[in-house]
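Per chain, numbering begins at 1; letters A, B, ... match sequence-line order. In this text the structure is predicted, and so the values were computed from the model without any measurement.
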Protein chains: 2
Amino acid sequence: MTRDSLVSVLRAQGHRATRPRLAVHDALSAASGHLTAEQVAARVDGEVNLATVYRALSVLQEVGLVHSVRLGDHGSLSWELTHPDDHAHLVCRVCGDVDHHVGNAVEQLKDHLLSGHGFEATGVELVVTGVCVSCGADADGAPVPGAGATK
Amino acid sequence: MTRDSLVSVLRAQGHRATRPRLAVHDALSAASGHLTAEQVAARVDGEVNLATVYRALSVLQEVGLVHSVRLGDHGSLSWELTHPDDHAHLVCRVCGDVDHHVGNAVEQLKDHLLSGHGFEATGVELVVTGVCVSCGADADGAPVPGAGATK
DNA sequence: GTGGCTGCAAACATTTTGCATAACT
DNA sequence: AGTTATGCAAAATGTTTGCAGCCAC
């Protein structure tokens with residue numbers, strides 16, 4: 001998304017294109033992954049207040065540019081740019097890495113729920129905890145030394 | 001689960017079968033659905049301190065009798081008795097009801113991730129937000145009057 | 001009897017909010 | 001210029017923890 005279209009999207013929905021909002025969007029864009037509000041604040045170091053980060057994320061979510069998801073057990077929300085495709089989050093409990101699994105599994109599920117059960121799914125939040133390929137290869141069951149991601 | 005086996009499970013793993021723990025388990029059992037820690041505390045009115053409810057839920061989770069899930073946007077965890085089957089949570093954003101969808105969708109997903117991507121899924125948290133059958137029938141898109149579940 | 005458990009209150013972490021000032025349009 | 005958004009600090013929320021006394025074992 002270009003800077004211009006970002007500005008347009010905000011204005012089109014009655015919001016102003018302010019420095020904090022653009023900076024927050026930039027941070028998420030650069031991260032190409034998930035960030036908590038605090039991590040976002042850290043990446044725009046000193047330039048945006050944490051409370052403003054929350055408000056900016058809220059506005060960006062309102063206009064559909066970002067969305068939040070709860071990953072793992074730490075009490076904070078993670079945020080990411082909204083993707084065109086639904087996707088699952090694969091959280092490795094060994095190394096802590098979060099992978100995006102883009103596939104048709106979510107689509108299939110939505111279809112199944114609608115046709116089979118009349119439930120019209122709009123938002124699907126799918127968080128899978130497990131062991132990723134590299135960690136599963138290293139040690140089967142035993143955590144990798146020095147990669148404490150579990151709490 | 002009988003009272004006796006509940007006591008056994010706790011003792012078998014080195015925990016005591018105390019009044020608060022049994023009461024918390026009872027509350028979840030009677031609710032046959034999800035309760036937040038605060039709701040659990042309310043249902044054992046005056047008998048168990050909220051902090052103890054948290055500790056009891058923690059112990060019950062440790063021994064595998066209950067587990068937690070984040071439903072919707074309210075910031076608190078919901079707890080339920082552990083089911084033998086994986087299941088999706090269908091949250092209706094009109095009436096706020098939470099339905100359990102037990103199916104093989106989750107199993108299929110786990111298989112797919114393991115065989116196709118080498119990701120060994122252990123925990124799957126699937127929360128689907130949408131419009132349930134009854135609400136979808138009443139009004140297509142327009143919320144049912146007086147049933148404010150969205151925020 | 002002893003060690004784990006409870007209740008209370010206080011700490012903690014995350015997110016939200018009130019208000020004066022600054023910045024976008 | 002007019003209003004919306006920001007920064008700061010303080011409040012609100014949900015959860016965890018320290019400690020003295022209690023209860024299950």
Spacing of [X] atom [atom1] relative to [N] atom [atom2], expressed in whole Å:
X	N	atom1	atom2	value
L50(B)	dT16(D)	CG	P	10 Å
L10(A)	dA5(D)	CG	C1'	12 Å
L22(A)	dT4(D)	CG	C1'	15 Å
W79(A)	dT15(C)	CH2	P	8 Å
E38(B)	dT16(D)	CD	C1'	15 Å
L35(B)	dT15(D)	CG	P	13 Å
L57(A)	dA5(D)	CG	C1'	15 Å
H25(B)	dC5(C)	NE2	P	17 Å

* Between H117(B) and H112(B), is the gap from one ring center to the other below 6.0 Å? -> yes
* Strictly under 6.0 Å, is that where the ring centroids of H101(A) and H89(A) end up? -> no
Tabulate protein N/O versus nucleotide N/O from nucleotides 23-25 of chain C, keeping only pairs under 3.5 Å, one per line.
residue : atom : partner : partner atom : Å
dC24(C) : O2   : R16(A)  : NH1          : 3.1
dC24(C) : O2   : R16(A)  : NH2          : 3.4
dT25(C) : OP1  : R11(A)  : NE           : 2.7
dT25(C) : OP1  : R11(A)  : NH2          : 2.8
dT25(C) : OP1  : A17(A)  : N            : 3.1
dT25(C) : OP2  : R11(A)  : NH2          : 2.7

* From L71(B) CG over to E80(B) CD, what is the distance, rounded to the nearest 0.5 angstrom? -> 7.5 Å
* Look at N49(B) and dC8(C) and indicate whether a side-chain polar atom (N or O) is within less than 4.0 Å of OP1 or OP2. => yes
* Asked: Taking only N and O in the side chain of Y54(A), is any of them less than 4.0 Å away from OP1 or OP2 of dT15(C)?
  ->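 True: Y54(A) side-chain N/O within range (under 4.0 Å) of dT15(C) OP1/OP2.
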* Minimum-distance nucleotide (side-chain atoms of L77(B) versus dT15(C), dT6(D), dT15(D)) ->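 So the nucleotide nearest the side chain must be dT15(D).
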* Which residue lies more 5' along DNA chain D, comparing T52(B) with A56(A) via nearest heavy atoms -> A56(A)
* Start at the 5' end of DNA chain D and walk down; is the nucleotide closest to R21(A) or to A51(A) reached first? ->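 Looking at DNA chain D, the more 5' nearest nucleotide goes with R21(A).
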* To do: Quick one: label V48(A) by what it contacts on the DNA or RNA (base, sugar-phosphate, nothing), any heavy atom closer than 4.0 Å.
  =>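 Sugar-phosphate: the residue V48(A), judged by heavy atoms under 4.0 Å, touches backbone atoms but no base.
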* **Salt bridge present between R3(A) and D26(A) (N-O < 4.0 angstrom)** =>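 D26(A) and R3(A): salt-bridged.
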* With a cutoff of under 4.5 Å between side-chain heavy atoms, which Ile, Leu, Val, Met, Phe, Trp and Tyr residues group with L126(B)? ->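 Grouped by the 4.5 Å side-chain rule, L90(A), V106(A), L109(A), L113(A), F119(A), V124(A), L126(A), V128(A), L90(B), V106(B), L109(B), L113(B), F119(B), V124(B), V128(B) form the rest of the cluster around L126(B).
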* Structure fact -> side chain to side chain contact (heavy atoms under 4.5 Å, CB included) filter on L114(B), not counting sequence neighbours, yields E120(B)
* Is the base of dG18(D) touched by the side chain of R55(B) through a donor-acceptor pair closer than 3.5 angstrom? ->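 For R55(B), whose side chain was compared with the base of dG18(D), there is a donor-acceptor pair (under 3.5 Å).
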* Asked: Going by atom types alone, do S8(B) and S5(B) pair a side-chain donor with an acceptor below 3.5 Å?
  -> no
